[in-house]
Amino acid sequence: MTHVEEKMLLSSLTSEFYSQTPPQGEAKVKRRRRKKARGDVDMEVKKRRLTDEQVKFLELNFGEEKKLESGRKMHLASELGLDPKQVSVWFQNRRARWKNKQMEEDYMKLKSMHDSVVVEKCHLENEVLKLKKRLEEAEELIKRISGGMGSSPSSSFSNNGVEGEADQLMYMSEYSYNGLMDWMCLYGV
DNA sequence: TTGTGTTTTATTGCCTCC
DNA sequence: GGAGGCAATAAAACACAA
């Protein structure tokens with residue numbers, strides 16, 4: 001019996017298994033196979049579990065080439081004493097398992113990358129918070145200093161001949177209180 | 001022993017390629 | 001149009017705790 005004849009026979013035997021046909025225009029929706037009734041002896045297909053040796057040999061071949069061309073299929077089938085159909089089914093299922101495993105590995109890699117990016121983001125956010133706090137402290141200090149001298153910060157800076165107030169502020173926030181003390185000594189504030 | 005979850009083998013329908 | 005691939009699914013076979 002050819003492959004096609006086999007398929008047609010199976011189709012005719014199983015067509016009655018379907019309770020519904022898909023609505024017009026929804027051909028892509030797969031019909032669900034009806035469960036095989038218990039005791040339906042005619043349709044009973046005994047599953048033959050492959051031996052360890054057979055599986056080992058198939059695994060070896062799968063490792064070499066994941067696809068199965070016709071010649072190799074026939075060769076493997078005769079070598080293992082299996083139906084060529086069983087060999088192709090085994091390869092089909094093995095490819096599906098392999099694909100799942102690959103996806104799982106890809107997922108784990110992406111997850112690990114994502115996790116490290118999240119940690120890095122957390123560190124950066126902490127750093128931003130620290131810097132903001134230092135900036136606030138520096139600004140507060142400047143306010144206090146300029147208030148004590150009875151003039152604006154800019155006038156006090158310019159009075160001492162210093163240019164680039166922004167640069168000075170950056171300097172202060174960078175080196176915090178000790179730096180500020182140095183700066184005050186330097187300009188005699 | 002039995003209920004339940006997992007794995008393996010097999011089937012089906014659809015799709016693509018030649 | 002046929003062969004072969006894939007996704008989805010069924011169901012047998014197996015593992016294992018209770």
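To find a chain, count down the sequence lines: A is the first, B the second, and so on, and within it residues start at 1. Treat the numbers as computed from the prediction; the structure is a model and nothing was measured.
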Distance check needed: [N] [atom2] versus [X] [atom1], whole Å only.
X: A:Gln54; N: B:dT9; atom1: CD; atom2: C1'; result: 12 Å
X: A:Arg94; N: B:dT7; atom1: CZ; atom2: C1'; result: 13 Å
X: A:Phe62; N: C:dG5; atom1: CZ; atom2: P; result: 12 Å
X: A:Arg97; N: C:dC6; atom1: CZ; atom2: P; result: 14 Å
X: A:Lys67; N: C:dA3; atom1: NZ; atom2: P; result: 18 Å
X: A:Lys56; N: B:dT8; atom1: NZ; atom2: C1'; result: 18 Å
X: A:Phe91; N: C:dA3; atom1: CZ; atom2: C1'; result: 17 Å
X: A:Leu50; N: C:dA12; atom1: CG; atom2: P; result: 17 Å

Minimum-distance nucleotide to A:Val89 side chain [options: B:dT11, C:dG5, C:dG4]: B:dT11
Proximity to the side chain of A:Lys99 - top-ranked nucleotide from B:dT11, B:dT9, C:dC6: C:dC6
Candidate pair A:Gln102 and A:Lys99, rule side chain to side chain contact (heavy atoms under 4.5 Å, CB included), full reasoning: CA-CA 5 Å; A:Gln102 287 295 113; A:Lys99 193 179 170 188; 5.6 Å; no
5′-ward residue of the pair A:Gln92/A:Arg49 relative to DNA chain B: A:Arg49
A:Phe91 CZ to A:Asn61 CG distance, which is reported to the nearest 0.5 Å: 5.5 Å
CE (A:Met103) with more than 12 external heavy atoms under 6.0 Å: yes
Distance below 4.0 Å between A:Trp90 side-chain N/O and B:dT9 OP1 or OP2: yes
Ring-face cation contact, A:Phe62 with A:Lys66, 6.0 Å cut, 45° max: yes
Contact nearer the 5' end of DNA chain C, comparing A:Lys73 with A:Asn93: A:Lys73
